[in-house]
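What you see is a predicted model, and the numbers here were worked out from it, not measured in a lab.
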Amino acid sequence: MFTGIIEAIGSIRAMTPKGGDVRVYVATGKLDLGDVKLGDSIAVNGVCLTAVELPGDGFWADVSRETLARTAFVDFKPGSAVNLEKALTPTSRLGGHLVSGHVDGVGEIVSRADNARAVQFRVRAPRELAKYIAHKGSITVDGTSLTVNAVDGAEFELTIVPHTLAETIMVDYQAGRKVNLEVDLLARYLERLLLGDKAAEPKASGLTESFLAEHGYLKN
């Protein structure tokens, strides 16, 4: 688990095909690896990766086909800057929100505009994730815990303060960039809970419009 508070900016040093998937080397910059052991988890742009080698100034991790297919990792190349966060401990401050490091989908930056000293981003999420994104709710973008300031269909807005811009890769975001999105865990669990006994039925993976209408959640 993670908090979505980025600890350092690192970079992809190497990506090596290995047995049908990829082994990646992440240079970790100022991230303190003194307490990291083999097998520990580190979030890279919001993707939870397991450290399989620790050469000193970074770590090697294996990236599965599933991760390549479901995240913006497929667009990475040597030199790509990435947000880094070590897994939280029982004594960590939960400055953001609970983040699993399991990316739900890939979004796209629609626009960027100055807003006083902050920057306003508009992000388009995949349609299937829109129901989990709420005004003033939490969302994780490339591993960064952020507050949703407005929602319009599958698009949402973020206001990013100077500190966050300086400490994450968001400073480089421009329209068209693909970003990893993880929705709030509580929304996911609430959806499953509302299914009730239907959760045990095959393919009962989410709340459809017909299910919501049948149970009176949708009103004309």
Please report the closest heavy-atom contact between V110 and A175, naming both atoms and the distance. O-CB, 3.4 Å
Do the non-hydrogen side-chain atoms of V106 and N180 ever get within less than 4.5 Å of each other? yes
Heavy-atom side-chain proximity of L181 to V141 below 4.5 angstrom: yes
Between D32 and K86, does a side-chain contact (heavy atoms from CB on, under 4.5 Å) hold up when you go through it step by step? CA-CA 9 Å; D32 181 10; K86 295 185 291 187; 4.1 Å; yes
If I compare all heavy atoms of A125 with all of I133, which pair ends up nearest, and what's the gap? CB-CD1, 3.7 Å
Would a distance-only check, ignoring hydrogens and angles, find a side-chain to backbone donor-acceptor pair under 3.5 Å from R117 to P162? no
Tell me the closest heavy-atom pair linking A154 and A130, and the distance in Å. CA-CB, 3.9 Å
Please report the interatomic distance OG1(T3) to CG(L98), rounded to the nearest 0.5 Å. 9.0 Å
Heavy-atom donor-acceptor pair, N45 side chain to V82 backbone, under 3.5 Å: no
Please assess Y25 against E53 for the test side-chain hydrogen bond (donor to acceptor under 3.5 Å, both in side chains), listing each intermediate value before the final yes or no. CA-CA 9 Å; Y25 182 69; E53 293 182 44; over 6 Å; no
Rounded to the nearest 0.5 Å, what separation is found between the CD1 atom of I6 and the CG atom of N83? 4.0 Å
Please report the shortest heavy-atom distance between P78 and A14, naming the atom on each side. CG-CA, 4.4 Å
Are V179 and V151 connected into the same hydrophobic cluster when the rule is that any two of I, L, V, M, F, W, Y join if their side-chain heavy atoms are below 4.5 Å apart? yes
Look at the aromatic rings of F121 and Y173 and report parallel, tilted or perpendicular, splitting at 30° and 60°. perpendicular
With a 4.5 Å cut-off on side-chain heavy-atom distances among I, L, V, M, F, W and Y, is there a chain of contacts connecting L84 to V47? yes
Donor-acceptor contact below 3.5 Å, side chain H135 vs main chain V148: no
List in chain and number order the residues that pass salt bridge (charged side-chain N to carboxylate O under 4.0 Å, His left out) with D40, two or more places apart in sequence or in another chain; answer none if no residue qualifies. K37
Let me check something: do V63 and F59 share a hydrophobic cluster, defined by ILVMFWY side-chain heavy atoms less than 4.5 Å apart, either directly or through other members? yes
Using the salt bridge (charged side-chain N to carboxylate O under 4.0 Å, His left out) rule, collect all pairs that involve residues 164-186, keeping only residues at least two apart or in two chains. K30-E167
Straight-line distance of R124 CZ to L129 CG, nearest 0.5 Å: 13.5 Å
Assigning hydrophobic clusters by single linkage (Ile, Leu, Val, Met, Phe, Trp, Tyr; side-chain heavy-atom cutoff under 4.5 Å), is L31 placed with V36? yes
Any donor-acceptor pair under 3.5 Å from K18 side chain to D62 backbone: no
Linked, directly or transitively: V123 and I160 (ILVMFWY side chains, under 4.5 Å): yes
Quick one: pull up CD in E85 and OG1 in T140 and give me the separation to the nearest 0.5 Å. 9.0 Å
Output the distance between atom CZ (R192) and atom CG (L190), rounded to the nearest 0.5 Å. 13.0 Å
Start with the C-alpha distance between V119 and D114, add both sets of side-chain angles, then the distance that settles side-chain contact (heavy atoms from CB on, under 4.5 Å), and finish with yes or no. CA-CA 5 Å; V119 174; D114 291 336; 4.1 Å; yes
Just do the side-chain contact (heavy atoms from CB on, under 4.5 Å) check on M1 and L185 with the steps written out, would you? CA-CA 11 Å; M1 298 295 292; L185 281 173; 3.6 Å; yes
Shortest non-hydrogen separation from F2 to S100 and the atoms involved: CE1-O, 3.9 Å
If you draw a 6.0 Å radius around CZ in R23, do more than 12 non-hydrogen atoms from other residues or ligands fall strictly inside? yes
Hey, does T67 have a side-chain heavy atom less than 4.5 Å from the side chain of D21? no
Atom CG of D35: over 12 foreign heavy atoms under 6.0 Å: yes
Spacing of I42 atom CD1 and L54 atom CG [to the nearest 0.5 Å]: 7.0 Å
Check: L158 and I139 side chains under 4.5 Å, non-hydrogen atoms: yes
Full working for side-chain contact (heavy atoms from CB on, under 4.5 Å) between M15 and F73: CA-CA 11 Å; M15 297 185 72; F73 228 104; 4.3 Å; yes
Does the side chain of H97 come within less than 4.5 Å of L186's, by heavy atoms? no
